[in-house]
Engineer: 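Here it is, the structure, as structure tokens.
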Amino acid sequence: MNTGYNRMGEYDHYVVNEQKPLLEWLLENVKESRTKIKATLQGRGIKVNGKTVTQFDFMLEPGMKVAVSKTKRNQQSFKSRYVKIVYEDQWLIVVEKNIGILSMAAGHSSLNVKSVLDDYFKKSRQKCTAHVVHRLDRDTSGLMVYAKDMETEQILEHNWHQIVYDRRYVAVVSGEMEQDEGTIQNWLKDNKAYVTYSSSVDNGGKLAITHFHVLDRTTEHSLVEYKLETGRKNQIRVHSADMGHPVCGDTKYGNGDDPIHRLCLHAWLLCFSHPRTGEPMEFETPVPTAFRQLFK
């Protein structure tokens with residue numbers, strides 16, 4: 001994929017004269033700060049014999065040609081209050097989303113992850129846009145993957161359940177959970193007001209299955225890990241409320257228990273087979289500190 005970085009004159013060229021690990025060699029030979037050099041390396045701005053290399057301990061041999069991008073390191077590294085890039089390659093990007101931002105545009109709201117990423121792609125001169133393949137509610141934080149082209153988006157969308165082999169959330173729920181673990185299964189359907197409600201018999205909605213496992217509890221709250229077998233809208237929030245232990249801070253399905261003034265739901269684990277290379281991609285983020293504080 002042409003990312004617009006291969007124009008002549010945007011790279012400084014060097015020839016290697018001794019065997020050395022790439023980062024060590026760069027630090028000795030490139031007149032830039034350590035931080036900048038590392039940022040260039042991580043930002044895919046270093047080529048060895050014409051191929052982009054990101055691994056810092058790549059072993060250079062005498063005679064190899066190294067090209068160092070002048071533009072990549074001068075770009076402002078990506079900064080957003082709401083989105084953190086966890087992983088990126090030519091086909092997809094994995095981000096950790098903060099609370100208070102939509103996954104994609106909805107009506108009048110301009111603040112959404114897709115537009116933040118599109119802006120970043122434009123600034124870093126990548127000829128691509130972010131394609132939404134799954135969503136997290138506005139006030140849920142955690143890991144998401146976006147495709148960078150239509151083909152990757154289609155592969156992910158049509159084979160989502162085969163490709164994503166583990167997806168887990170952690171939540172603080174109201175009250176002390178009785179069981180340590182279990183499975184909740186029912187049918188979910190939206191009413192006219194876009195409120196999802198559940199039924200133990202098939203109500204023409206979609207079957208939803210959630211496995212839960214209690215990680216910690218006090219008399220007031222429980223810290224619960226949820227593993228989704230199906231990914232329906234508001235699934236965890238509805239299932240938690242069904243069990244009599246709604247997610248804390250949930251204004252739609254909750255009981256008013258709001259200990260840290262946010263929806264206490266975080267997508268902490270995302271594992272999938274890469275749609276283009278087939279290799280296993282596994283990402284995890286720590287449980288939000290504010291969740292943990294409640295169980296100190």
Side-chain angles (χ1 to χ4, degrees), residues 1-5 23 33-47 52-56 69 71-105 110-153 155-157 163-164 166-170 265-277 279-289:
M1 189 173 88
N2 177 358
T3 51
Y5 274 118
L23 183 59
S33 70
R34 187 184 180 89
T35 318
K36 261 195 174 169
I37 289 172
K38 284 177 85 170
T40 308
L41 188 57
Q42 282 165 345
R44 304 179 66 80
I46 306 284
K47 288 183 178 179
T52 302
V53 176
T54 54
Q55 101 202 50
F56 67 93
S69 168
T71 43
K72 289 235 167 166
R73 61 168 182 259
N74 299 333
Q75 276 166 3
Q76 284 308 304
S77 63
F78 176 75
K79 278 189 182 62
S80 161
R81 256 180 67 195
Y82 292 99
V83 184
K84 190 169 124 202
I85 296 174
V86 177
Y87 171 83
E88 182 180 11
D89 62 27
Q90 70 192 85
W91 300 289
L92 53 85
I93 186 163
V94 176
V95 300
E96 184 181 344
K97 162 182 131 44
N98 213 330
I99 52 172
I101 182 169
L102 292 162
S103 305
M104 55 180 284
S110 55
L111 183 66
N112 67 84
V113 180
K114 178 182 156 40
S115 61
V116 169
L117 290 178
D118 286 347
D119 185 50
Y120 155 68
F121 292 147
K122 202 169 134 191
K123 285 198 174 111
S124 57
R125 299 193 197 160
Q126 299 189 55
K127 294 185 170 60
C128 63
T129 56
H131 297 263
V132 180
V133 285
H134 65 123
R135 296 170 178 77
L136 288 181
D137 297 335
R138 192 187 71 170
D139 295 316
T140 302
S141 54
L143 293 164
M144 297 189 73
V145 58
Y146 286 80
K148 284 173 143 190
D149 60 77
M150 225 28 231
E151 206 174 320
T152 306
E153 186 263 339
I155 300 170
L156 279 164
E157 201 171 311
I163 286 177
V164 179
D166 201 353
R167 197 168 153 214
R168 295 185 214 178
Y169 291 74
V170 64
L265 185 58
H266 177 77
W268 81 272
L269 180 83
L270 178 64
C271 305
F272 58 91
S273 309
H274 195 293
R276 295 304 195 111
T277 66
E279 68 177 304
M281 311 294 289
E282 307 199 335
F283 302 97
E284 55 180 75
T285 60
V287 175
T289 322

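Treat the numbers as computed from the prediction; the structure is a model and nothing was measured.
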Engineer: Can you tell me if Gln55 has over 12 outside heavy atoms packed within less than 6.0 Å of its CD?
Structural biologist: yes
Engineer: With heavy-atom distances below 4.5 Å as the criterion, would you say the side chains of Leu270 and Asp166 are in contact?
Structural biologist: no
Engineer: On a heavy-atom basis, which atom in Ile99 and which in Asp139 lie closest, and how many Å separate them?
Structural biologist: CG2-O, 3.2 Å
Engineer: Under a 3.5 Å cutoff, is there a donor and acceptor pairing between the side chains of Asp149 and Thr152?
Structural biologist: yes
Engineer: Under a 3.5 Å distance rule, please check whether Lys148 uses its side chain to pair with a backbone N or O of Leu92 as donor and acceptor.
Structural biologist: no
Engineer: Nearest 0.5 Å, what's the OG1-CG distance between Thr52 and Asp89?
Structural biologist: 12.5 Å
Engineer: Between atom CG of Asp119 and atom OG1 of Thr129, what is the distance when rounded to the nearest 0.5 Å?
Structural biologist: 13.0 Å
Engineer: If I take atom OG1 from residue Thr277 and atom CD from residue Gln90, how far apart are they, to the nearest 0.5 angstrom?
Structural biologist: 10.0 Å
Engineer: Going from CG on Asn98 to NE2 on His266, what distance comes out if it is rounded to the nearest 0.5 angstrom?
Structural biologist: 9.5 Å
Engineer: Could you tell me whether the side chains of Glu88 and Gln126 share a donor-acceptor contact shorter than 3.5 Å?
Structural biologist: yes
Engineer: Does Thr140 offer a backbone N or O that forms a donor-acceptor pair with the side chain of Asp137 under 3.5 Å?
Structural biologist: no
Engineer: Do Val94 and Met144 come close enough that some side-chain heavy atom pair is under 4.5 Å?
Structural biologist: no
Engineer: Please find the pair of heavy atoms, one from Arg167 and one from Arg135, that lie closest to each other, and give the distance.
Structural biologist: NH2-O, 4.1 Å
Engineer: Take a 6.0 Å sphere around NZ of Lys84 and say whether it holds more than 12 heavy atoms from other residues, nucleotides or ligands.
Structural biologist: no
Engineer: Begin from the C-alpha positions of His274 and Trp91 and carry the test side-chain contact (heavy atoms from CB on, under 4.5 Å) through to its verdict.
Structural biologist: CA-CA 9 Å; His274 195 293; Trp91 300 289; 3.3 Å; yes
Engineer: Using every non-hydrogen atom in the two residues, find where Arg34 and Leu23 come nearest and quote the distance to one decimal.
Structural biologist: NH2-CD2, 4.2 Å
Engineer: In a check of side chain to side chain contact (heavy atoms under 4.5 Å, CB included) between Tyr146 and each of Val133, Asp118, Val95, which one passes?
Structural biologist: Val95
Engineer: Would you name the heavy atoms of Ala105 and Asn112 that are closest together and state the gap between them?
Structural biologist: N-CG, 3.4 Å
Engineer: Which distance, rounded to the nearest 0.5 Å, do you find between the NZ of Lys97 and the OG of Ser103?
Structural biologist: 5.5 Å
Engineer: Search all heavy atoms of Tyr82 against all heavy atoms of Gly100 and return the closest pair with its distance.
Structural biologist: CE2-O, 3.9 Å
Engineer: Is there a donor-acceptor pair under 3.5 Å between the side chain of His134 and the backbone N or O of Val145?
Structural biologist: yes
Engineer: Hey, what's the ring geometry for Tyr87 with Phe283, parallel, tilted or perpendicular (30° and 60° as the breaks)?
Structural biologist: tilted
Engineer: Pair Leu143, Val86 - check side-chain contact (heavy atoms from CB on, under 4.5 Å), show working.
Structural biologist: CA-CA 9 Å; Leu143 293 164; Val86 177; 4.0 Å; yes
Engineer: Is the closest side-chain heavy-atom distance between Thr54 and Ile46 below 4.5 Å?
Structural biologist: no
Engineer: Could you give me the CA-CA distance, side-chain angles and deciding distance for Ile101 and Val116, then say whether side-chain contact (heavy atoms from CB on, under 4.5 Å) is met?
Structural biologist: CA-CA 10 Å; Ile101 182 169; Val116 169; 4.1 Å; yes
Engineer: Who passes side-chain hydrogen bond (donor to acceptor under 3.5 Å, both in side chains) against Glu279, sequence neighbours left out?
Structural biologist: none
Engineer: Over all heavy atoms of both residues, which pair between Ala130 and Phe121 is shortest? Give the atoms and the distance, please.
Structural biologist: N-CE1, 3.7 Å
Engineer: How far does OG of Ser141 sit from CG of Leu136, to the nearest 0.5 angstrom?
Structural biologist: 8.0 Å
